[in-house]
Amino acid sequence: MLQADAVQERNRSTNELAELKDHMDIKDRKINVLQRKIENLEDLLKEKDNQVDMARARLSAMQAHHCSSEGALTSLEEAIGDKEKQMQQL
C-alpha cells in the first residue's frame with residue numbers, strides 16, 4: 001500500500017510540475033509580448049521626438065525668415081519715405 005501511495009504522490013508531483021512549467025511558459029510568452037510592445041513604443045517615441053525636432057527647426061527657420069522679411073519691409077518703407085521726401089523737395 002505504501003508503494004502505491006508513493007507512486008500516486010510522485011504522479012501528483014509530476015503533474016503539478018508540468019502544470020507549473022506550462023504556467024511559466026505562458027508567463028514567458030506574455031513577458032516577450034510586453035517587451036516587444038515596449039520596444040515598439042520606444043521606437044515610436046523616438047520617431048515622434050524626431051518629428052518634434054524637425055518641426056521646431058522649421059519653426060525657427062520660418063521665424064528667422066519672417067524677421068528678415070520684416071527687416072527688408074522696414075528698409076523698403078524707409079526708402080519709399082525718403083524717395084517721397086525727395087520728390088516733394090523737387
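The structure displayed is predicted, hence computed values, not measured ones.
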Q.
Just so I know, are the side chains of Gln8 and Asn11 near enough to count as touching, which here means a heavy-atom distance under 4.5 Å?
A.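 No; the side chains remain at least 4.5 Å from each other.
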Q: Just do the side-chain contact (heavy atoms from CB on, under 4.5 Å) check on Lys30 and Val33 with the steps written out, would you?
A: CA-CA 5 Å; Lys30 286 181 179 181; Val33 167; 5.7 Å; no
Approximate separation, where rounding is to 0.5 Å, of [X] [atom1] and [Y] [atom2]:
| X | Y | atom1 | atom2 | value |
| --- | --- | --- | --- | --- |
| Leu17 | Asp22 | CG | CG | 9.5 Å |
| His66 | Met62 | NE2 | CE | 9.5 Å |
| Met24 | Asp28 | CE | CG | 5.5 Å |
| Ile38 | Gln35 | CD1 | CD | 7.0 Å |
| Leu20 | Asp25 | CG | CG | 11.0 Å |
| Gln3 | Asp5 | CD | CG | 10.5 Å |

Q | salt bridge (charged side-chain N to carboxylate O under 4.0 Å, His left out) involving Arg12 - partner list, sequence neighbours excluded | A |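 Checked Arg12 against salt bridge (charged side-chain N to carboxylate O under 4.0 Å, His left out); matches are Glu9, Glu16.
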